[in-house]
Amino acid sequence: MASETKAPQAVTQYRGKNFDARAIETFLYDWWETSGFFAPPEERPGEKPFVMMLPLPNVTGDLHLGHALSFGGYEDLMARWHRMRGEPTLWLPGSDHAGIIAQIVVEKELAKEFGTRKKQPEAPTTQEGLSREQFLGEMWHWMEHYKPRIYKQLRMLGCSLDWTRVHFTMDPDMQRRVRIHFIRLYQKGHLYRANRIVHWCLTCGTTYSDLESKHIIRTDQLSYVRYPWADPMPPGTPDVIVATTRPETILADTAVAVHPDDDRWKALIGKEVLVPVAERRVKIIGDAAVDREFGTGALKVTPGHDQTDFEIGQRHGLQVLSVIDTRGLMTAAAGPLAGLDRDTARTAMVDRLATKGLLSSQEPITHAVGVHERCDTVDEPLVMKQWWMRMPPLAKPAIDAVRNGTTKIIPAYQEKIFFEWMENIRDWPVSRQIWWGHAIPVWYCRDCEAVIVPDEDAPDPTTCPMCRSTDIRQDPDVLDTWFSSALWPHSTLGWPEQTKDLERFYPGSVLETGYDILFYWVARMMMMGLENMGDVPFHTVYLHGLVRMGNQKMSKSKGNVVSPVGMIEEHGADALRYALVNGVSAGADSEFSEGKLENGRRFVNKLWNIGRFALAQIEARPGALAGPLDVSPAGSPDLTEADRWILSRTEATAEELTRLIEQYQFGEYATALQQFVWSEVADVYVELAKPQRRPAGSEDAAVRTLAYVFDRVLRLAHPIMPFVTDTLALQLWEYGRKDDVAPSLVVSRWPVAGQRERRLEDRFGLAIEVIRRIRERRQHGGVEPGAKVRVSLSGEADPLRPFTGIIASLSGADVDFGGGAEAPTMVRSVEIRVAIPRDAAADRTRLHKELDAALQLLEQSRTLLGSDFAKRAPAPVVEKARAALAERQAAVASLKTELAKLD
RNA sequence: GGACUCGUGGCUCAGCGGUUAGAGCACUCGGUUCACAUCCGAGGGGUCGCUGGUUCGAAUCCAGCCGAGUCCACCA
């Protein structure tokens with residue numbers, strides 16, 4: 001830990017009447033960081049560190065609200081809370097090189113800077129005029145621009161990340177680790193190179209995996225095409241007509257498939273037809289993948305350009321023909337269509353079929369079409385030689401880990417989704433045809449075609465170990481960006497070296513991220529962690545929902561992406577963080593709004609002003625805090641009922657908030673915090689702490705109570721609102737408190753709940769209900785707001801005697817316990833008589849209304865207790881119901897008596 | 001086709017077996033202006049999607065249905 005410096009004056013001397021986050025946030029964050037508060041302290045024996053990896057944002061990206069929720073809401077909340085619980089906490093930052101996305105971003109930047117450049121058609125991702133080395137030079141250059149941007153945004157959110165351990169997935173040492181990982185996986189047989197059908201994006205010029213593919217609904221022409229019989233057939237043999245939306249691929253057909261149980265066709269399996277235009281003889285084969293309901297039940301099989309057809313081809317040993325290249329142009333194999341792009345070729349083919357009389361009919365069809373999720377370009381399935389990762393064996397241990405609880409997923413229903421995917425996992429194509437990314441450590445010999453994979457600690461090979469040729473060349477592809485991020489939890493800690501960090505911080509604790517990257521990242525981290533480390537990377541996966549605004553999923557194309565940066569600048573990070581987390585339950589999507597942000601801002605300001613009040617009281621009575629702060633009844637005999645009440649409520653809240661955070665119920669934590677701070681501390685206690693409301697001689701007790709309660713409140717609120725709380729704590733701690741203080745809330749201790757006075761809490765609660773009712777009666781009775789009113793309490797009012805002064809003060813009444821002439825109102829079994837101008841008619845109406853309500857409640861109690869409830873329900877529950885019945889009986893009796901008097 | 005989630009006051013959501021179902025925002029009324037570009041107080045507003053079932057007791061558990069959304073596979 002760096003030596004901590006004194007907190008900046010901009011913070012300790014900030015005295016704004018309202019909290020202006022801009023005045024202090026940057027100073028405070030810089031101080032936290034330079035003081036080393038965010039780095040885990042020196043290792044201590046027996047410690048249990050809390051370790052979390054930041055879900056690395058794309059280096060070229062900007063933070064969006066989802067990040068703000070994730071990083072500034074849940075993760076920083078957890079990091080700060082665990083740190084305050086005394087656990088050495090490591091929250092490790094970094095960014096992802098974001099392969100294809102970053103390459104596209106920089107290509108656009110280059111285009112802006114140097115004018116539009118025509119892309120070379122044979123290598124779509126190449127900037128014309130730039131060699132691969134030059135282009136990568138540009139990429140690195142731009143990284144220096146983007147990296148600080150994204151890191152600054154994380155700092156603005158207040159994220160307590162350990163910046164001494166920041167990593168970037170393309171750092172040279174990370175590249176080395178990825179290389180070693182690749183080589184080890186290869187040597188163990190988890191990686192192989194194969195010629196298979198893959199998704200190809202014509203816009204991005206690269207392959208992509210199933211996960212990066214999505215479907216859109218589109219309407220196309222469905223063409224029915226007749227495939228003439230190759231040999232003379234007996235009369236009555238039906239024509240073979242297939243339905244296709246891609247007639248241009250007919251030229252690559254190598255079979256026609258029908259369902260083996262299809263009565264219309266099964267007798268014809270094994271016969272041959274001629275592929276139109278190509279005039280090639282192909283067999284009719286039987287395969288269960290064919291949908292009998294679709295079209296005529298006969299399917300043209302094009303293994304070179306369709307996923308399903310490729311699989312059918314594999315099963316039947318069919319030849320794979322290619323008629324479309326990586327630019328989307330028809331190849332020489334397409335004969336008359338060679339050179340046309342795929343869309344033109346489609347029309348041309350239809351024309352030709354029509355001319356030849358082979359086009360039976362056409363109709364529009366609405367169907368799902370696979371597209372690349374990055375750019376919505378329609379998928380062009382191609383057969384290419386690619387590196388693949390064999391997934392099922394890697395998935396097995398990860399499935400087991402979740403099944404046996406080693407790693408727990410929250411919310412639990414996501415586990416089902418995890419299993420579903422993992423148990424049906426398919427091999428992962430990991431090579432990408434772009435330049436920005438991790439190189440594949442494989443060389444190919446041009447002379448003997450050997451595949452050369454060096455040992456993990458060997459330098460790049462220069463000669464072929466098989467034939468000694470020097471004509472070898474490295475695989476030009478790079479690895480999928482998720483290949484490197486899958487290693488993040490161990491590679492950032494030094495793997496494969498057995499570093500101190502790796503030993504101390506692996507396995508980690510929690511992985512918090514959006515459910516949308518469960519497969520992309522979480523599952524893969526688990527698999528690679530288990531493979532490389534023999535242990536899971538985290539014991540808990542907390543998945544949060546999406547943040548929507550205006551009820552729409554935010555996306556760049558919809559143009560409704562709202563930047564949290566502007567919100568922070570306007571309202572402060574605390575307000576934003578609070579607004580995002582408040583009232584959202586685990587895993588649920590949430591709707592964000594200006595209103596929520598406004599509420600967050602006002603809550604932050606409320607806290608600030610409670611602080612201003614507390615500090616002013618403390619300053620006014622400096623002697624009150626001399627010596628240790630003891631607010632136990634023994635240590636402070638001058639405490640009033642109100643002081644003891646708020647102290648007890650504070651302990652109750654500490655207990656409750658601790659439980660909520662422990663159970664990952666962050667939304668409820670935020671709500672409960674606001675409830676306590678606003679309705680109890682501010683609206684009730686602060687009012688009762690004002691000198692003009694204090695019984696003489698209890699002023700010092702109020703100051704001590706305020707100091708204690710406020711200190712607890714700041715700690716309890718710090719995980720979600722770090723800036724305003726630490727500013728206040730630093731100022732509060734200037735005054736005399738000697739015990740339990742820290743240089744900053746960041747490194748202070750989370751409160752341990754102390755003794756409560758439950759009876760007092762209950763009775764005080766009753767007093768508050770009574771106060772409410774008096775206020776209501778005053779208003780409805782037309783009493784002048786400032787005027788004093790006389791109130792008599794009777795019935796079961798004895799427990800309220802200690803609170804006479806409080807009731808009087810907060811309701812503007814002179815209170816006695818004698819009963820009186822006025823018509824009462826009932827709160828539970830306490831009769832309240834408020835002296836207001838009598839109006840017998842109004843009294844009667846009101847009393848009747850109250851009586852009706854009371855009778856209904858009484859009836860409910862009686863029905864309940866008259867049923868089997870009394871026999872079957874647990875004793876404490878029945879006891880409660882009995883007490884309620886008694887109270888309701890008393891209330892009804894009292895109201896009846898009063899009504900009788902009126903009549 | 002398979003699976004999952006959600007349907008609670010005008011809006012956004014909590015609550016997920018036991019008192020008269022809560023919060024924020026919005027709304028109505030009344031105050032205040034040396035903690036609070038505000039704040040305080042009071043109030044109106046809910047057949048907890050529908051129909052059955054389990055239970056002494058269901059917004060909460062189960063089944064079916066209706067509606068909204070998501071994921072996985074496929075759509076030639």
Side-chain angles (χ1 to χ4, degrees), chain A residues 17-19 210-211 215 217 222 242-246 249 257 289-291 293-295 298-302 306-309 365-370 411 413-414 416-417 420-421 424 515-516 518-519 545-546 548 551 553 579 582-585 587-596 598-600 602-603 605-617 665 667-668 671-672 674-675 678-679 682-683 686-687 689-690 771-773 775-780 784-786 810-812 853 856-857 860-861 864-865 867-874 876-878 880-881 883-884 887-888:
Chain A
K17 193 171 171 188
N18 292 284
F19 184 70
D210 292 337
L211 275 179
H215 290 89
I217 304 297
L222 181 67
V242 305
T244 180
T245 53
R246 299 206 61 189
T249 64
V290 178
D291 177 2
E293 311 298 319
F294 190 90
L299 167 71
K300 74 192 252 325
V301 182
T302 322
D306 184 276
Q307 179 79 42
T308 313
D309 293 6
I365 180 177
T366 302
H367 63 151
V369 181
Y413 66 78
Q414 293 281 355
K416 284 185 217 161
I417 298 173
E420 175 75 20
W421 191 75
N424 298 297
Y515 63 71
D516 51 330
L518 178 61
F519 307 142
L546 268 30
R548 298 171 202 279
N551 230 347
K553 188 171 165 176
N582 183 26
V584 178
S585 68
D589 290 354
S590 60
E591 174 73 18
F592 189 75
S593 66
E594 281 293 327
K596 285 188 178 180
E598 182 64 19
N599 175 247
R602 292 192 316 144
F603 183 38
N605 198 237
K606 192 75 187 175
L607 214 47
W608 176 250
N609 274 290
I610 295 170
R612 286 182 64 223
F613 173 79
L615 289 170
Q617 300 308 308
Q665 302 195 25
E668 287 238 23
T671 308
Q674 176 169 351
Q675 213 57 232
W678 206 312
S679 336
D683 290 348
V686 164
E687 288 309 315
K690 288 181 176 172
I771 290 163
R772 285 229 172 87
R773 189 60 68 85
R775 286 166 170 169
E776 185 197 350
R777 295 291 306 122
R778 288 177 57 118
Q779 277 202 28
H780 288 175
E784 284 297 309
L810 291 183
S811 65
Q856 207 185 325
L857 289 177
Q860 281 174 12
S861 277
L864 182 64
L865 285 162
S867 69
D868 283 354
F869 170 82
K871 278 175 255 163
R872 308 255 197 145
V877 177
V878 177
K880 260 189 175 176
E887 225 171 52
R888 287 165 184 187

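In what follows, every chain begins at residue 1, and chains take the letters A, B, ... in the order their sequences are listed. Everything quoted here is computed from the prediction, not taken from an experiment.
- Put simply, the side chain of A:K606 and the base of B:rC36 share a donor and an acceptor less than 3.5 Å apart.
- Considering only the side chain of A:A682, B:rA35 comes nearest among B:rC4, B:rA14, B:rA35.
- Between A:E687 and A:D683 there is no side-chain heavy-atom pair separated by less than 4.5 Å.
- Protein atom CG of A:D589 is 10 Å distant from nucleotide atom P of B:rC71, rounded to whole Å.
- Toward the 5′ end of RNA chain B lies the nearest nucleotide of A:E598, the other residue of the pair A:E598 and A:Y515 mapping further downstream.
- Phosphate contact (OP1/OP2 of B:rA14, side-chain N/O of A:S585, threshold under 4.0 Å): present.
- Across the protein-nucleic acid pair, A:N18 atom CG and B:rA37 atom C1' stand 6 Å apart, rounded to whole Å.
- Taking the C1' atoms as reference points, B:rG9 lies 28 Å from B:rC4, given to the whole Å.
- The closest side-chain heavy-atom distance from A:Q414 to A:Y515 is below 4.5 Å.
- On the C1' atoms, B:rC72 is 28 Å away from B:rC16, given to the nearest whole Å.
- On the P atoms, B:rU12 is 15 Å away from B:rA26, given to the nearest whole Å.
- Per the geometry, CG belonging to A:D683 stands 14 Å off P belonging to B:rC36, to the nearest Å.
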Worksheet entry | Bracket notation of RNA chain B in which parentheses pair within the strand, [ ] cross earlier pairs, and | pairs with another strand (Watson-Crick or G-U, under 3.5 Å) | ((((((((.[[[[.)..(...]]]].(((((.......))))).....[[[[[..)....]]]]])))))))....
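- A distance of about 12 Å separates the C1' atoms of B:rG17 and B:rU54, rounded to the whole Å.
- Taking atom C1' on both nucleotides, B:rC50 is separated from B:rC13 by 23 Å, rounded to a whole Å.
- Between A:K17 and A:Q674, the residue anchored nearer the 5' end of RNA chain B, judged by the nucleotide with its closest heavy atom, is A:Q674.
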